[in-house]
2 protein chains.
Amino acid sequence: MGQGEAEVTPPVFDDGTELFFMARGPYRPVDPQCAVRDVLDRIGDKWSTLVMRTLATGPHRFSAVQRAIPDISKRMLTQTLRDLERDGLISRTVFPTKPPSVEYRLTPLGVTILEPLAVLVQWANRSHDAIKRARLAFDEAG
Amino acid sequence: MGQGEAEVTPPVFDDGTELFFMARGPYRPVDPQCAVRDVLDRIGDKWSTLVMRTLATGPHRFSAVQRAIPDISKRMLTQTLRDLERDGLISRTVFPTKPPSVEYRLTPLGVTILEPLAVLVQWANRSHDAIKRARLAFDEAG
DNA sequence: TGCGCAAGGTAACTAAATGAGACTCTAAGC
DNA sequence: GCTTAGAGTCTCATTTAGTTACCTTGCGCA
């Protein structure tokens, strides 16, 4: 038994369907261009999920989104909405009203991400206490 | 019908279980301290999911993780591992070998996040083409 | 003896992302 | 005329992420 990583245990999950998203075996480098990264970089940013969550309740105008997420700045909101629009997850419609108003809503593709996000959020809610306890323990142990 | 957000459509999802993670109705501000944010801030960072994915294949030493994710720097790897350890998702064990080696592995709590992540990754794989097409269209439309 | 390597970091510094807030434009309301 | 609203943009300051060099300990090696 060397010191290498060769004797690493097999993947934790292997239920026959798609083996989740793990590399099989050690040393398999993560492709920087892979779909996983591409997606996680998007939904992983600070605001995207919050915006999607807001639009999940129905179409909103720019300022309505901002009221729903009070601590987002206009700059970041604009940018997040643009990025989501570019990725086809939300659509942007301008109405030529007195002061022009703009409506954002989920596209069909955007709707499909809600369920994966929901699964994650359920995990978050289930695990939040355990995480908080772990943090406390870690911080006390110094 | 005013100009307010009152006539917003009802939530897209309402299957009787937990209504995913959406606020019901408009104007409900997102609590900056909520579990959703707390979790998404963690798994949302650039490297955490990649590290979890790597450890999902079995315990790894520091440098083995780094080889699996070639474009992470030592500093970022150290920091990501610390954060995950603090949150109780991974454990760190030091072996007093010649040059001391350190083994990281998922905790039972850490294992439980794999499935939610997997759901997300499956979505990513399914949707990647559509997203790429949307980006092209958006960029061409200028 | 003294070189260099490996492992697992840390410290100092730079680059990129984010946030705060002032400014724009238009038409209506007081 | 002065102010307000909507939907942004622009500039600048702060925060966060990333890069590079360096440290420590013991071993093999020449």
Side-chain angles (χ1 to χ4, degrees), chain A residues 2-6 8 26-27 30 32 37 40-51 54-55 59-86 90-105 142, chain B residues 2-6 8 26-27 30 32 37 40-51 54-55 59-86 90-105 142:
Chain A
Q3 310 240 84
E5 293 79 8
V8 110
Y27 286 109
V30 177
R37 282 205 188 191
L40 292 179
D41 283 357
R42 164 77 38 253
I43 75 106
D45 80 5
K46 190 168 177 179
W47 303 112
S48 292
T49 46
L50 264 12
V51 169
T54 300
L55 296 184
H60 281 64
R61 284 178 299 139
F62 185 89
S63 49
V65 178
Q66 198 175 20
R67 276 189 292 274
I69 310 173
D71 56 342
I72 193 173
S73 67
K74 282 181 165 196
R75 188 184 171 288
M76 280 293 97
L77 181 53
T78 301
Q79 192 176 305
T80 303
L81 289 167
R82 283 281 181 289
D83 288 346
L84 291 172
E85 188 196 356
R86 187 170 106 98
I90 67 176
S91 66
R92 176 178 184 273
T93 315
V94 182
F95 294 103
T97 50
K98 323 72 182 305
S101 72
V102 178
E103 187 194 76
Y104 294 93
R105 63 169 69 212
Chain B
Q3 310 239 86
E5 293 79 8
V8 110
Y27 287 110
V30 177
R37 282 203 188 192
L40 292 178
D41 283 358
R42 164 77 37 254
I43 75 106
D45 81 2
K46 190 169 178 180
W47 304 110
S48 292
T49 46
L50 264 12
V51 169
T54 300
L55 296 185
H60 281 64
R61 284 178 299 139
F62 185 90
S63 48
V65 178
Q66 199 175 20
R67 276 189 292 275
I69 311 174
D71 55 342
I72 193 173
S73 67
K74 283 178 165 197
R75 188 184 172 289
M76 281 292 98
L77 181 53
T78 301
Q79 193 176 303
T80 303
L81 289 168
R82 284 281 181 288
D83 288 346
L84 292 172
E85 188 196 357
R86 187 170 106 96
I90 67 176
S91 66
R92 176 177 185 275
T93 315
V94 182
F95 294 102
T97 50
K98 318 81 184 296
S101 70
V102 179
E103 186 194 77
Y104 294 94
R105 63 169 69 213

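Just so you know, these numbers come straight off a predicted model, no measurement behind them. Below, chains carry the letters A, B, ... as their sequence lines are ordered, and counting in each starts from 1.
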Open item on the list: So, using side chain to side chain donor-acceptor pair (under 3.5 Å) as the criterion, who are the partners of A:D45 when residues are at least two apart?
Closed with: A:S48
Task: Minimum-distance pair of heavy atoms, taken over all atoms of B:W47 and B:I69 - done: CZ3-CG2, 3.8 Å
Kindly give the atom pairs (protein nitrogen or oxygen, nucleotide nitrogen or oxygen) under 3.5 Å for nucleotides 13-18 of chain D.
residue	atom	partner	partner atom	Å
D:dG18	OP1	B:K46	NZ	3.1
D:dG18	OP2	B:W47	NE1	2.7
D:dG18	N7	B:R75	NH1	3.1
D:dG18	O6	B:R75	NE	3.3

Task: By side chain to side chain donor-acceptor pair (under 3.5 Å) - contacts of B:R75 (at least two apart) - done: B:Q79
Task: Terminal axis angle for the helix from C:dT1-D:dA30 to C:dC30-D:dG1, five pairs an end, nearest 10 degrees - done: 30°
Task: Atom-to-atom span, CG of A:D71 to P of C:dT18 - whole angstrom - done: 14 Å
TODO: Tell me whether the OP1 or OP2 atom of D:dG8 has a side-chain N or O from A:T78 closer than 4.0 Å.
DONE: no
Task: Nearest-Å distance for atom pair CD/C1', residues B:Q66 and C:dA7 - done: 11 Å
TODO: Let me know the distance between CZ of B:F95 and C1' of C:dG8, rounded to the nearest Å.
DONE: 14 Å
Task: Straight-line distance of B:R92 CZ to B:E103 CD, nearest 0.5 Å - done: 11.5 Å
TODO: Please state whether the base of C:dG21 and the side chain of A:K74 form at least one donor-acceptor pair under 3.5 Å?
DONE: no
Task: Rounded distance [0.5 Å steps], CG in A:L84 versus CZ in A:R42 - done: 6.0 Å
Open item on the list: With a 4.0 Å limit, can you tell me whether A:R92 has a side-chain N or O closer than that to the phosphate oxygens OP1/OP2 of D:dG8?
Closed with: yes
Open item on the list: Rounded at 0.5 Å granularity, tell me how far CG in A:D83 sits from CG in A:D41.
Closed with: 11.0 Å
Task: Rounded interatomic separation in angstrom, taking CZ from A:F62 and P from D:dA7 - done: 8 Å
- [ ] Would you give the length of the straight line joining atom CE of B:M76 to atom CD of B:Q66, rounded to the nearest 0.5 angstrom?
- [x] 12.0 Å
TODO: Under the side-chain contact (heavy atoms from CB on, under 4.5 Å) rule, collect the residues that match up with B:T78, sequence neighbours excluded.
DONE: B:F62, B:R82
- [ ] Please report, rounded to the nearest Å, how far the C1' atom of C:dT18 is from the CG atom of A:D41.
- [x] 16 Å
Task: A:I72 vs B:Y104, nearer the 5' end of DNA chain C by closest nucleotide - done: B:Y104
TODO: Starting from P on C:dT10, measure out to CG on B:L81 and report it in whole angstrom.
DONE: 11 Å
Task: Distance-minimising heavy-atom pair for A:T49 and A:I43 - done: CG2-O, 3.5 Å
